[in-house]
Protein chains: 2
Amino acid sequence: MPLEATKFRQAIVENTLRSCQLFMGLPTVDIATIASFIVPKHLAKGDYLFREGARAEGFYIVQKGAINIHRVNVAGKEQVIHLFRPIESFAEAALATDAGYPADARATESTTVLLVPKSDFIELLRKRPELALRMLGSMSQHLRVLVGLLDDLMLKDMGTRLANWLLKRCPRPLSGAAAVIELDRTKRVLAAEMGTTSETLSRTLAKFRHKNLLRVKGTTITVMKPRELQKLLQQNLGEL
Amino acid sequence: MPLEATKFRQAIVENTLRSCQLFMGLPTVDIATIASFIVPKHLAKGDYLFREGARAEGFYIVQKGAINIHRVNVAGKEQVIHLFRPIESFAEAALATDAGYPADARATESTTVLLVPKSDFIELLRKRPELALRMLGSMSQHLRVLVGLLDDLMLKDMGTRLANWLLKRCPRPLSGAAAVIELDRTKRVLAAEMGTTSETLSRTLAKFRHKNLLRVKGTTITVMKPRELQKLLQQNLGEL
DNA sequence: GTCCCGCCTTGATTCAAATCAAGGTTTAAT
DNA sequence: ATTAAACCTTGATTTGAATCAAGGCGGGAC
């Protein structure tokens with residue numbers, strides 16, 4: 001294989017690493033070291049990267065596409081935990097424990113991830129305590145996301161849940177300016193993420209549409225009146 | 001203050017540290033170092049250790065009593081995230097980020113916790129990469145717990161949820177031997193942890209009682225027929 | 001001991017969401 | 001371009017849990 005090609009590939013990987021939160025601003029040497037033991041993996045839409053309980057090989061960084069982390073509970077229902085998109089890292093927990101992955105990971109579209117193998121990385125970690133702190137930061141971020149998800153799921157009714165979800169995605173809800181939200185996923189999947197069925201989501205969106213709070217076109221939602229939505233959320237909460 | 005007393009206190013702290021998962025098996029020197037910057041805190045029942053958003057001073061280890069970590073969502077409802085008991089550590093996420101604590105912490109009884117101050121500990125972390133790995137392990141454990149909680153909360157009905165909860169607490173569910181479960185909390189609180197109301201919990205327990213699956217006396221539940229319960233759980237799940 | 005407050009239980013009612021069902025629409029593949 | 005499959009929407013029905021309400025039990029204060 002031509003040496004040039006290898007170098008080129010390495011350069012791309014290094015670029016991804018540098019731009020990802022976890023390694024941003026790291027010395028070039030370290031980036032190069034990490035890049036040297038990266039294993040890229042390609043997945044077709046629907047392929048599983050790993051399943052719950054599988055021995056953990058390391059953690060991952062999404063380079064292209066999207067990875068859906070989910071859990072199928074004893075009842076067989078799938079609860080989406082998170083959807084990771086390019087430059088995000090996940091499964092860092094794998095580093096620290098011999099227990100298998102605690103959830104399933106599936107590509108929701110054609111996807112490339114970079115595997116950072118456990119043993120290699122741990123070795124580096126021993127020499128670079130700074131890095132360990134970053135890992136801690138990343139995991140604490142994941143914890144926060146999970147706590148946020150819990151919050152959302154426990155909110156009383158779908159109206160409230162959806163309003164809350166939409167507002168979190170409006171750039172400046174208080175400005176009153178219409179905001180366009182691109183779903184990046186099918187409504188069925190969105191419903192699953194919010195812990196409900198596509199029917200209920202559909203109805204709730206319809207309710208908001210009829211109040212002229214928003215418009216829906218395909219997988220694009222335009223929030224026409226963020227402030228109204230905000231107000232509605234507040235008063236829903238008040239009535240509890 | 002008499003030197004002896006100080007030494008004595010230090011010895012007790014070191015003992016707690018040694019027995020806690022996080023520091024178990026650590027060299028004596030390190031234990032002593034950590035013990036030297038520990039700040040013990042006493043809380044009366046109902047006192048808050050910290051509130052959501054508060055600047056994080058460090059992480060904690062429960063020495064005596066119990067700490068309830070919970071979240072009050074936008075609707076004002078309290079969702080219990082976890083109840084920490086002696087020798088458990090929590091809020092490790094505080095180390096790695098400047099964001100405040102992501103939840104509230106309240107003592108549910110008279111409690112003593114050991115505060116491990118952030119800056120001191122981070123300094124040590126830089127010199128002891130091993131320690132950082134342990135922290136990662138601990139956080140990954142918390143992640144698992146949270147994922148498990150999510151699982152439970154999303155289970156269809158209370159019958160299923162409760163059966164699942166009980167079975168997780170039977171030492172050997174398959175043995176068929178009756179198991180005694182001590183709640184350690186009021187039923188109202190348990191209901192909150194399971195994301196429901198005390199009325200619903202009461203009814204569900206009654207249902208199981210009528211089927212002679214268990215007996216309830218105060219805060220003690222005796223599961224008479226774990227296997228029956230297991231069977232019921234399976235078939236509940238099948239019917240979905 | 002007795003009084004009181006908070007906890008638990010049980011019943012009746014209400015309500016939101018899951019489920020079942022069917023028609024219309026978009027997407028992707030041939 | 002045609003067709004099949006998946007997706008979305010909307011309606012009717014069912015169901016499980018929250019809520020409202022009231023009575024009983026138990027433990028702590030005095």
Side-chain angles (χ1 to χ4, degrees), chain A residues 44-46 73 75-79 108-110 152-165 183-211 214-221 232-233 236-240, chain B residues 44-46 73 75-79 108-110 152-165 183-211 214-221 232-233 236-240:
Chain A
K45 173 175 179 169
N73 65 21
K77 193 178 165 191
E78 229 180 65
Q79 169 63 48
T108 59
E109 53 191 271
S110 172
D152 290 353
L153 289 175
M154 299 313 286
L155 271 180
K156 194 163 175 30
D157 58 55
M158 263 316 288
T160 313
R161 293 245 288 284
L162 181 58
N164 193 44
W165 191 93
L183 296 187
D184 287 338
R185 36 173 149 339
T186 131
K187 293 208 187 76
R188 178 178 296 280
V189 171
L190 176 58
E193 278 183 56
M194 314 211 331
T196 186
T197 60
S198 63
E199 289 99 321
T200 300
L201 174 60
S202 186
R203 277 184 242 278
T204 313
L205 279 169
K207 221 179 296 171
F208 285 173
R209 253 193 295 114
H210 296 146
K211 287 183 185 167
L214 45 80
R215 278 183 203 158
V216 183
K217 174 107 185 207
T219 64
T220 305
I221 296 178
L232 179 135
L233 178 58
N236 268 3
L237 296 176
E239 291 166 9
L240 302 176
Chain B
K45 174 176 177 167
N73 65 20
K77 192 179 165 190
E78 229 180 65
Q79 170 64 47
T108 58
E109 52 191 273
S110 174
D152 290 352
L153 289 175
M154 299 313 286
L155 273 179
K156 195 168 171 28
D157 59 55
M158 264 315 290
T160 314
R161 294 247 288 284
L162 182 57
N164 194 43
W165 191 94
L183 296 186
D184 286 338
R185 36 177 150 337
T186 130
K187 293 207 187 77
R188 178 178 296 281
V189 170
L190 175 58
E193 277 183 58
M194 314 212 333
T196 185
T197 61
S198 62
E199 290 99 321
T200 299
L201 175 59
S202 186
R203 276 184 243 278
T204 312
L205 280 170
K207 222 179 296 170
F208 286 174
R209 254 190 296 117
H210 296 146
K211 287 183 186 166
L214 44 80
R215 279 184 203 157
V216 183
K217 173 107 185 209
T219 63
T220 305
I221 296 178
L232 179 137
L233 177 58
N236 267 2
L237 297 175
E239 292 167 5
L240 298 176

Rounded distance [0.5 Å steps], [atom1] in [X] versus [atom2] in [Y]:
| X | Y | atom1 | atom2 | result |
| --- | --- | --- | --- | --- |
| B:R161 | B:T196 | CZ | OG1 | 6.5 Å |
| A:R185 | A:E193 | CZ | CD | 4.0 Å |
| B:W165 | B:L190 | CH2 | CG | 4.5 Å |
| B:L183 | B:I221 | CG | CD1 | 4.5 Å |
| B:L205 | B:L214 | CG | CG | 6.5 Å |

request  = Show your reasoning for whether side-chain contact (heavy atoms from CB on, under 4.5 Å) applies to B:D184 and B:T219.
outcome  = CA-CA 7 Å; B:D184 286 338; B:T219 63; over 6 Å; no
I'd like a table of atom pairs between the protein and nucleotides 27-30 of chain C - only N or O on both sides, under 3.5 Å - with the distance next to each one.
none

Mind listing the closest non-hydrogen atom pair of [X] and [Y] along with its distance?
| X | Y | answer |
| --- | --- | --- |
| B:Q79 | B:G195 | OE1-CA, 3.9 Å |
| A:M158 | A:L201 | CE-CD1, 4.5 Å |
| B:L153 | B:M194 | CD2-O, 3.5 Å |
| B:T200 | B:T204 | O-OG1, 2.7 Å |

Whole Å only: how far is the [atom1] atom of [X] from the [atom2] atom of [N]?
| X | N | atom1 | atom2 | result |
| --- | --- | --- | --- | --- |
| A:K207 | D:dT10 | NZ | P | 13 Å |
| B:R161 | D:dA17 | CZ | C1' | 10 Å |
| A:L153 | C:dA18 | CG | P | 12 Å |
| B:R209 | C:dT9 | CZ | P | 6 Å |
| A:L155 | C:dA17 | CG | P | 11 Å |
| B:K45 | C:dG6 | NZ | C1' | 11 Å |
| A:L183 | D:dC8 | CG | P | 10 Å |

query = Between residues 185-194 of chain B and DNA chain C, which residues have a heavy-atom gap below 4.0 Å?
reply =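 Within residues 185-194 of chain B, the residues near DNA chain C are B:T186, B:K187, B:R188.
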Would you tabulate the nitrogen or oxygen pairs shorter than 3.5 Å linking the protein to nucleotides 20-28 of chain D?
from	atom 1	to	atom 2	distance (Å)
D:dC20	N4	B:E199	OE2	3.3

key: A:K187 side-chain N/O to A:G218 backbone N/O, donor-acceptor pair under 3.5 Å   =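 Yes, A:K187 side chain to A:G218 backbone: donor-acceptor pair under 3.5 Å.
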ask   = According to a strict under-4.0 Å criterion, is B:T200 in side-chain N/O contact with OP1 or OP2 of D:dA18?
value =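 True: B:T200 side-chain N/O within range (under 4.0 Å) of D:dA18 OP1/OP2.
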inquiry  = Please determine whether a side-chain nitrogen or oxygen atom of A:T196 lies at a distance below 4.0 Å from atom OP1 or OP2 of C:dA18.
reply    =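 Affirmative; the distance criterion is met.
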query = A:M158 or B:L205: which one's nearest nucleotide on DNA chain C is closer to the 5' end?
reply = B:L205
